[in-house]
Number of protein chains: 2
Amino acid sequence: MGDITIKELAQKLNVSIATISKALNDSHEISAATKEKVLAGVRKYNYTPNPNASSLRKKRSNTIAIVIPEVADSFFSQALKGIESIAQNLGYHVLIYLTYESFYKERLILNDIKNGRVDGVLMSISSETSNSLHIKALRDRNIPIVFFDRVMEETETAKVVTDDYQSSYKATQHLLERGCQHIAYLSTSKHLMISNERKDGYLQALKEHHIKASKHTVVQCSNHAEYNFTVLQKLLQQEDRPDGIIASIERLTSTIYLVCKELGIAIPGQLKVITFSNLDTAPILSPSLTTVSQPAFEMGRTAASILFKALQKKKLNIKNEKIVIPSVLVKRESTN
Amino acid sequence: MGDITIKELAQKLNVSIATISKALNDSHEISAATKEKVLAGVRKYNYTPNPNASSLRKKRSNTIAIVIPEVADSFFSQALKGIESIAQNLGYHVLIYLTYESFYKERLILNDIKNGRVDGVLMSISSETSNSLHIKALRDRNIPIVFFDRVMEETETAKVVTDDYQSSYKATQHLLERGCQHIAYLSTSKHLMISNERKDGYLQALKEHHIKASKHTVVQCSNHAEYNFTVLQKLLQQEDRPDGIIASIERLTSTIYLVCKELGIAIPGQLKVITFSNLDTAPILSPSLTTVSQPAFEMGRTAASILFKALQKKKLNIKNEKIVIPSVLVKRESTN
DNA sequence: AAATTTTACGAAAACGATTTCGTACCTTTC
DNA sequence: GAAAGGTACGAAATCGTTTTCGTAAAATTT
C-alpha cells in the first residue's frame with residue numbers, strides 16, 4: 001500500500017507540491033536547503049512520481065517501442081540487447097512488439113502506439129510490408145522512427161544497415177574462388193530491401209565471373225520450415241544441382257544441413273554453404289559454418305543512439321541518412 | 001499533426017466528452033444511435049485515447065513488465081515470444097528489462113516500475129539474486145508478479161517451472177546407462193533454485209547407482225566464456241578426467257565443444273555430453289547434441305496467462321502454487 | 001532611503017482521459 | 001393524471017504530476 005503521492009509527501013514535509021516537483025527536477029528556483037529536505041523526504045517515504053501523470057503533463061513518456069518481426073533469432077535478440085543496454089543507461093523504457101512477419105499486425109501495432117505511449121520507435125519491418133502508410137501515420141504524429149536492418153527505403157529518416165550488397169558479393173566471390181560453378185541464392189521476401197540487395201550482390205559477382213545465366217539460381221523460401229525443407233529437397237535432388245549455396249537468412253541453416261544429411265550430400269565436398277547468420281554455434285556445427293556475420297549488437301546500439309539523441313534534442317525530424325556497419329565474412333569448414 | 005483529443009472530437013461531433021468516453025467504453029448509458037455516431041467520428045478523425053490520461057484516471061496501465069537476465073539465449077527468447085503472443089492477443093503492452101544477471105540492476109529496475117507504470121510483472125531472477133526485499137516492495141504496491149523458470153522460492157505467488165530435479169536425474173541416468181563412470185555437473189549460480197535442483201537430481205542418480213563420492217564432480221562456472229574455457233580445460237586435462245558431462249546452461253555448449261576439439265577429446269567416444277538447452281542447432285552440431293529441452297514457449301505462455309487472469313479479475317494476490325511443465329530429454333549422438 | 005532586482009516559494013491552471021452525479025425527458029404504474 | 005422509474009446525456013470532479021504566474025521577503029542598486 002505504498003503509493004505515496006506528491007500531495008501526501010507535501011503535507012508531511014510541510015511544503016507545496018510545486019516545491020517538491022521543482023526540487024526533484026533540480027530547478028534553480030529551489031534553495032539548496034529545501035532541496036535536501038525534499039530529497040530526504042523522498043528517500044524516507046520511498047516516493048516515486050507517477051509516470052502516467054508525469055507523461056501526461058510533460059507530453060513525453062520516456063519510452064520507446066521496438067517493433068521487430070521475431071525474437072527467437074540471433075540477429076534480433078542481439079540487436080534487442082544493444083538497444084536495451086543503451087535505453088537502460090539513459091533511463092528510457094522499452095516496449096517490445098513482435099510482428100511475426102505480418103504486415104497486418106505491424107499496422108495494428110503502430111496504430112496502437114501512435115498516441116503518446118512512446119516518444120520514438122525503432123523498427124525492422126516485416127517481410128510482408130509493402131507500403132508505408134502506417135509509418136507515415138506515426139510520423140504525422142511527430143513520433144520519430146529509426147530503422148535498422150530491414151528498412152523502409154521511402155521513409156525519410158535514419159537507417160542503420162549493414163553492407164548487404166557488398167557482403168553478399170564477397171560471399172559469392174568466396175564460393176567462386178573455392179571452385180563453385182553453380183551457386184544458388186536462397187531468398188525470402190521479395191519486398192525486403194535487404195533481401196534484394198543481397199540478391200543483387202550475388203548476381204553481380206556471378207556476372208563478373210561470366211557465369212552463364214542458367215547457373216543463376218534464386219530460390220524463394222518462406223517462413224515455414226517444412227515448406228523450405230521440400231523446396232531444398234527438390235533443389236538438391238535435381239540433375240543439375242548447385243554446388244554452392246548462399247542462404248540469406250539464418251533460419252535456413254538447419255534446413256540445409258538436415259536436407260544434406262538426408263540426401264547424403266557432403267558439405268563442403270559436394271556443396272559449399274554460406275549463411276547470413278549470427279549463430280553462436282556456427283563454429284561447432286558439423287562442418288563448422290561459414291557465415292556472413294552481421295554486427296547485430298552494434299546496429300541496435302547505433303540505431304538507439306540516433307533515436308535518443310534526436311529525442312533529447314527534441315529534433316523530431318531525423319536526418320535522412322544511411323549508416324552502414326559492415327558485416328564480416330567468417331570463413332569456416334563449410335566452404336573449404 | 002494528428003493528436004486529436006477527446007475534447008476536440010466532442011466539439012466536432014457536438015456531444016460532450018463524457019458521451020464519447022462512455023460510447024467508446026460501450027456504456028449502457030449511451031444509445032445505439034449515439035454510439036454509432038461517435039464510432040464514425042472516431043474513425044473519421046482517427047482518434048485514439050491518450051493512454052497516459054487513461055491510465056492515470058483508471059489506475060491501470062494495461063502494461064506488464066518482463067524482467068529477465070538475458071535475451072540472447074534461446075530459452076529466454078522463446079519464453080519472451082510466448083509471453084508477447086498472449087499479451088498481444090489480450091491487448092496488453094510489454095515492457096522488457098534485462099538484468100544482465102546483476103542483482104543491483106534487478107533492484108533498480110523493480111524500483112523503477114513500482115509506481116503505476118505496469119500492472120504486473122513476469123520475472124526470472126538473476127543468478128546473483130539472493131534476497132527478495134525488492135520483490136516484496138513491488139508486492140507492497142499491489143503489483144502481482146509471476147515467476148518463470150528462475151523463481152524466488154520464498155515469495156508467495158505462482159511459479160512456472162520445469163521439472164529440473166527429475167530431468168537432471170534422468171539425464172544423469174541416461175549417461176550412466178551409456179556406461180559413464182565419472183560424470184561432471186557444470187553449475188552456474190549457487191543462489192539459483194533451478195541450478196541446485198538440477199545438481200540434486202544429478203547427485204541423487206549418482207547415489208542410487210553407487211557411484212563413489214570421488215566421482216561426484218560439481219564444477220562451478222561463470223558468466224564469462226573465457227573463464228569457463230580455462231575451467232573446462234583444467235577439468236578435461238586432469239588425470240582422472242570425466243567421461244560424461246551435464247551442463248546446466250546452454251551457453252556452455254560451445255565452450256565444451258571447443259575445448260574438446262582443442263584437446264582432441266572425442267565426443268561421444270571419450271566424453272558424453274548433455275546440455276540443458278533449447279538450441280535450434282542441437283541436431284546439426286557435430287556430433288548432434290543430446291539436450292534437456294525446456295518448454296520455454298509454453299512456460300512463457302503459461303506464466304503470462306496466469307498473470308493476465310489475475311489482472312482481469314483484479315485478484316492481485318496470486319495463489320502460491322508451482323506449475324510444472326516437464327522438459328524432454330532428446331537423445332542424440334553426443335551420448336551415443 | 002527609495003527603487004529595483006533577485007530569490008524562493010505557493011496557488012492554480014493545465015495535461016486528457018474516466019467517473020460520479022444531477023437532470024430533463026420519456027415511460028410505465030396504480 | 002400524479003407518482004415512480006428508466007433512459008440518455010452533460011457538468012464537473014478527479015487522477016498525480018508539471019509549469020506558469022504571482023508575490024512576499026531579501027538583496028542589490030541608485
Side-chain angles (χ1 to χ4, degrees), chain A residues 1-39 41-42 45-63 112 114-119 141-142 314, chain B residues 2-39 41-42 45-63 112-119 141-142 314:
Chain A
M1 303 303 279
D3 272 75
I4 182 173
T5 69
I6 197 171
K7 195 187 258 179
E8 291 160 13
L9 183 61
Q11 280 179 339
K12 296 198 196 261
L13 298 184
N14 222 18
V15 295
S16 76
I17 62 168
T19 300
I20 295 190
S21 178
K22 288 172 188 169
L24 284 180
N25 293 305
D26 206 28
S27 159
H28 64 91
E29 286 185 17
I30 304 297
S31 72
T34 313
K35 273 180 193 167
E36 190 36 58
K37 177 179 165 188
V38 169
L39 265 297
V42 165
Y45 297 105
N46 197 12
Y47 166 76
T48 37
N50 180 306
N52 294 127
S54 178
S55 296
L56 174 59
R57 183 60 235 243
K58 293 207 290 194
K59 292 175 175 293
R60 270 191 304 112
S61 62
N62 266 278
T63 303
D112 218 25
K114 72 175 188 291
N115 203 348
R117 194 179 294 276
V118 301
D119 297 339
R141 299 287 184 121
N142 280 321
K314 302 185 193 304
Chain B
D3 271 76
I4 183 174
T5 69
I6 198 172
K7 194 188 259 179
E8 290 161 13
L9 184 62
Q11 281 180 338
K12 297 198 196 262
L13 297 185
N14 223 18
V15 295
S16 77
I17 62 170
T19 301
I20 294 189
S21 178
K22 289 172 187 168
L24 285 181
N25 292 305
D26 205 28
S27 159
H28 65 91
E29 287 186 17
I30 304 297
S31 72
T34 312
K35 273 181 191 165
E36 189 37 58
K37 177 178 164 187
V38 170
L39 266 296
V42 165
Y45 297 105
N46 197 13
Y47 167 77
T48 37
N50 180 307
N52 295 124
S54 177
S55 297
L56 174 60
R57 184 62 234 246
K58 293 206 291 194
K59 291 174 177 296
R60 271 193 306 110
S61 63
N62 266 278
T63 303
D112 217 26
I113 58 176
K114 74 175 186 294
N115 202 346
R117 195 180 294 277
V118 301
D119 297 339
R141 300 286 183 119
N142 280 321
K314 302 188 197 301

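Hydrogens, waters and symmetry mates are skipped; everything else that's a heavy atom, side chains included, is used. Every value quoted in this text rests on a predicted model; they were computed, and no experiment measured them. Residue numbering restarts at 1 for every chain, and letters A, B, ... go by the order of the sequence lines.
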Expressed as a whole number of angstroms, how long is the span from A:L24:CG to D:dG16:P?
16 Å
OP1 or OP2 of C:dT18 less than 4.0 angstrom from a side-chain nitrogen or oxygen of B:N25, does that happen here?
yes
Using only atom types and a distance under 3.5 Å, with no angle test, would you say the side chain of B:S61 pairs donor to acceptor with the backbone of B:S55?
no
For the pair made of NZ in A:K58 and P in D:dT17, what is the distance, rounded to whole Å?
12 Å
Separation of C:dC15 atom P from B:N50 atom CG, nearest Å, is 12 Å
OP1 or OP2 of D:dT17 under 4.0 Å from side-chain N/O of A:S54
no
Atom-pair distance (CD1 on B:I17; P on D:dA11), nearest Å:
9 Å
Whole-Å gap separating P (C:dA12) and NZ (A:K7):
13 Å
Separation of C:dG16 atom C1' from B:L9 atom CG, nearest Å, is 13 Å
Run the numbers on B:K35 and B:D26 for salt bridge (Lys or Arg N to Asp or Glu O under 4.0 Å), then give the verdict.
CA-CA 8 Å; B:K35 273 181 191 165; B:D26 205 28; 3.0 Å; yes
Please check the phosphate of D:dC9 (OP1 and OP2 only) for any side-chain N or O of B:T34 closer than 4.0 Å.
yes
Is A:S21 touching bases, backbone alone, or none of the nucleic acid, heavy atoms closer than 4.0 Å?
base
Side chain B:R57 and base C:dT18 donor-acceptor under 3.5 Å:
yes
Please check: side-chain N/O of B:N25 versus main-chain N/O of B:S27, any donor-acceptor pairing under 3.5 Å?
no
Non-hydrogen atoms of B:I17 and B:I6 that approach each other most closely
O-CD1, 3.6 Å
First encountered from the 5' end of DNA chain D, between A:I6 and B:E29
B:E29
According to a strict under-4.0 Å criterion, is A:S31 in side-chain N/O contact with OP1 or OP2 of C:dC9?
yes
Contact under 4.0 Å: A:K59 side-chain N or O vs D:dT18 OP1/OP2
no
Across the strands shown, which category fits A:L56 at heavy-atom distances under 4.0 angstrom: base, sugar-phosphate, nothing?
base
